[in-house]
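So you know, we letter chains A, B, ... as the sequences are listed, proteins then strands, and number each from 1.
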There are 2 protein chains.
Amino acid sequence: MANIRDVARHAGVSVSTVSNVLNGRANQMRQETLERIEQAMKELNYHPNRVAQQLKTGQAKMIGLLVPSIVNPSFAALAREVDLAAKKHQYRVLLGNTYRQEEEERAFLEDMMSHGVRGVIVAASNMEKPYFASAAAQGMIMINYDSRMPGGDVYNAMPFDSVSMDNVEAGRQAAQHLIDRGCRNIVFVTEATPTVSRSHKIGGFLEALRDSGLPCEHRIIEGKALSAYGDTEMSELGRALAGKVLDISPHPDGVVAINDALGIGLLVGLRDANISVPGDISVVGIDNIPLSELINPGLTSVMPPLAKMAELMVDRLLVRIEEPAIAPEEMLFVPTLVSRQSVR
Amino acid sequence: MANIRDVARHAGVSVSTVSNVLNGRANQMRQETLERIEQAMKELNYHPNRVAQQLKTGQAKMIGLLVPSIVNPSFAALAREVDLAAKKHQYRVLLGNTYRQEEEERAFLEDMMSHGVRGVIVAASNMEKPYFASAAAQGMIMINYDSRMPGGDVYNAMPFDSVSMDNVEAGRQAAQHLIDRGCRNIVFVTEATPTVSRSHKIGGFLEALRDSGLPCEHRIIEGKALSAYGDTEMSELGRALAGKVLDISPHPDGVVAINDALGIGLLVGLRDANISVPGDISVVGIDNIPLSELINPGLTSVMPPLAKMAELMVDRLLVRIEEPAIAPEEMLFVPTLVSRQSVR
DNA sequence: TTGAAAGCGTTACCAC
DNA sequence: GTGGTAACGCTTTCAA
């Protein structure tokens, strides 16, 4: 592979001049020189060596994406959007699956450091862990996806931006939709692990019930997923929780699932119990994974504006790499309800 | 961040000595020196700069993974297994989504070159395209996943390894399972684009019918998917093709779908038409995506040994990077049938 | 057993 | 406007 020196020689100029072209400093260059250089690049099929650029500048044109598991459709969708957004800036995405293992998270961050990656999007992990702070101290820029940041003082002490769907609004929309369609006995079904996004969703959900004068007691049905949050496990949980929903008497007429994977499991569990959806019970999910459109009945769901969110995260990351002093912010995105057949 | 010189200084040795430790050449080193160096690394929290190593050695500890879309569950599953396999060798995975755009594929390969990545796993793309050959000529090691390689002379001229499920066997197993369960009027439903893996599956399918003395005429039902092979499109196609299946008279009692996404669509389409699965028609898919376990009825499917395949691909890639002269091979993996509720 | 120094491909500063 | 050259952090050969 040709290098910058070959190009310089071939064009009869110095290395610095070629470098100037490469770095957009060709404005006050003689037109003829520029052309000769560009010509040489073409002829030699020259592509700058990113590794050398990195070594010199300390900047890799890569961002890291840390997710629990790419097999989970929500994170696959996120990965796609992040990839797309990164491409607009000529960045590539380094993927890290952590399976919720602390050791994997730590190793990923360290690897990113040594690979010269300066920015990482961290999806759905608890950023209070010390290695996040320590990576930040070493200059790693991180941005949190999906509101796993603790609130209050601790949050303010954290040097991380946070981007998420407005989970309060999501919970509210889901509940309100059921109320609008005539449901009056509505429950919220969820995995038991407490997170900020979870409590926000529940908050919005209860708010909607309260605003409509519906009872707010014993509305939360929860269960513990078996293993790390694979999608399959989440759906299995949903299937199991269908039983708990039907233990309630009288049967609820509307259910909000904390995410679509769980909602889909719920659909299966209800069908197993010969309950008709939406005939007997209406179900709304939160997430809008591709699958929700495919199954029967299609799962009505509250959808985050993922593409916009990914773009903002990438943009923000790149800005912050240049200007680390910018104060961290929490950015919320308003979701939209996608209506399908699981609600009457 | 501390560098190798800091460590050397701190330990009172030369840079080369530290480098020797880093590269496992510490066997004939004085124990005491080694300890001092290791101590210094700890104290300074030293991590070697991969970028500098790369620049020097031309080897990035990264492999590329080129997939049409990570949102497709089959590729997400592949990505997970590849990530796991790569981790065993301390490699990271650079993800490229191409959405079946030639331009994206070309750009990805070029980027990998300039990032110093020496090995790429190429999933389900036609490797006859000239840029693959050109990347290979520049020293990029590539391995093809899922048998999209052309056969015969052209194949032999290609410097690529190929790893795939034994698609003939997969088609055979699917058909044989239906036959074993008593189906006698069996069809194969597929997307229309011709590929090697497709024709192998069909080949195995027909072979099984022939061996059991069943009719082999007009057994292939096909349709064109709308856009790039998103999973959604594939399922939509399956849903549409349910109609074509039911146009056959008498109705088939068994269907093999070329992949699970299509099979799931088929299930939905059949239900829409008030056909019972498996009561009236049995369905088998090929792929075994996580979703197949979740839906109702669960889709019986032929499963490739993905983890093994990913491990072999990564191992082979790394071997070949060291020893590019090794003759390319085609490696086939025997699939297993996973029985669920979609077959009577 | 350890050290000195060249060089990987690029950038950026300072001369001319 | 263009060129010379010292880094960036590491590996590796050669010498001591």
Indicate yes or no: at least one non-hydrogen side-chain atom of [X] is less than 4.5 angstrom from one of [Y].
| X | Y | answer |
| --- | --- | --- |
| A/V67 | A/N72 | no |
| B/V18 | B/V13 | yes |
| B/S19 | B/R25 | yes |
| A/F75 | A/N97 | no |
| B/I70 | B/L65 | no |
| A/L312 | A/M331 | yes |

Mind checking the CD-CG spacing from B/E43 to B/D6? Nearest 0.5 Å is all I need.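 That separation rounds to 13.0 Å.
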Scan residues 17-33 of chain A against DNA chain C and write down, sorted by residue number, each residue with any heavy atom closer than 4.0 Å; if none is found, say none.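 Listed by number, they are A/S19, A/L22, A/N23, A/R25.
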Quick one: on DNA chain C, does A/P48 or B/V13 contact a more 5' nucleotide (nearest heavy atom)?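 Closest to the 5' end, via its nearest nucleotide, is B/V13.
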Any salt bridge (charged side-chain N to carboxylate O under 4.0 Å, His left out) involving residues 48-77 of chain A? Give me the pairs, sequence neighbours left out, ordered by first then second residue.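 As it turns out, there is no salt bridge (charged side-chain N to carboxylate O under 4.0 Å, His left out) pair with a partner in residues 48-77 of chain A once direct neighbours are skipped.
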Where at least one partner belongs to residues 111-124 of chain B, residue pairs that pass salt bridge (charged side-chain N to carboxylate O under 4.0 Å, His left out), sequence neighbours excluded: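 Matches after skipping sequence neighbours: A/R92-B/D111.
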Distance, rounded to the nearest Å, where [X] contributes [atom1] and [N] contributes [atom2]:
| X | N | atom1 | atom2 | result |
| --- | --- | --- | --- | --- |
| B/N49 | D/dG9 | CG | C1' | 6 Å |
| B/R9 | D/dG9 | CZ | P | 11 Å |
| B/Q59 | D/dG9 | CD | P | 22 Å |
| B/L55 | D/dT11 | CG | C1' | 11 Å |

Bend angle of the helix from C/dT1-D/dA16 to C/dC16-D/dG1, from helix axes over five pairs at each end, nearest 10°: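 Angle reported: 40°, given to the nearest ten degrees.
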Name all pairs fulfilling the side-chain hydrogen bond (donor to acceptor under 3.5 Å, both in side chains) condition that reach into residues 319-328 of chain A, sequence neighbours left out, sorted by first residue then second.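 Passing the test, one end in residues 319-328 of chain A: A/D161-A/R320.
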Does OP1 or OP2 of D/dG9 have a side-chain N or O of B/N3 closer than 4.0 Å?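 So the side chain of B/N3 is within the cut-off, an N or O lying under 4.0 Å from OP1 or OP2 of D/dG9.
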Looking at A/Q54, does any N or O in its side chain come under 4.0 Å of the phosphate oxygens OP1/OP2 on D/dC8?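 Checking D/dC8 against A/Q54, no side-chain N or O comes under 4.0 Å of OP1 or OP2.
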Which nucleotide of DNA chain C is the first, and which the last, in the 5' to 3' direction, to come under 4.0 Å of a heavy atom belonging to chain B?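 The contacted stretch runs from C/dT1 to C/dG9.
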Partners of [X] by side-chain contact (heavy atoms from CB on, under 4.5 Å), sequence neighbours excluded?
| X | answer |
| --- | --- |
| B/V21 | B/M29, B/L34, B/I37, B/M41 |
| B/E81 | B/L84, B/L306, B/A307, B/A310 |
| B/P324 | B/I141 |
| B/E104 | A/K87, B/T98, B/Q101 |

B/Q39 vs B/E35, side chain to side chain donor-acceptor pair (under 3.5 Å): CA-CA, chis, key distance, verdict: CA-CA 6 Å; B/Q39 179 64 21; B/E35 277 165 11; over 6 Å; no
For nucleotides 4-6 of chain D, list the nitrogen or oxygen atoms of the protein found under 3.5 Å from its nitrogen or oxygen atoms, one pair per line.
| residue | atom | partner | partner atom | Å |
| --- | --- | --- | --- | --- |
| D/dG4 | N7 | A/S16 | OG | 2.9 |
| D/dG4 | O6 | A/S16 | OG | 2.8 |

A/K308, NZ: over 12 other non-hydrogen atoms inside 6.0 angstrom: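 No - once you tally the heavy atoms of other residues, nucleotides and ligands closer than 6.0 Å, there are 12 at most.
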Sorted by number, the residues of residues 107-115 of chain B with heavy-atom contact under 4.0 Å to DNA chain D: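 None - not one residue of the stretch has a heavy atom sitting under 4.0 Å from the strand.
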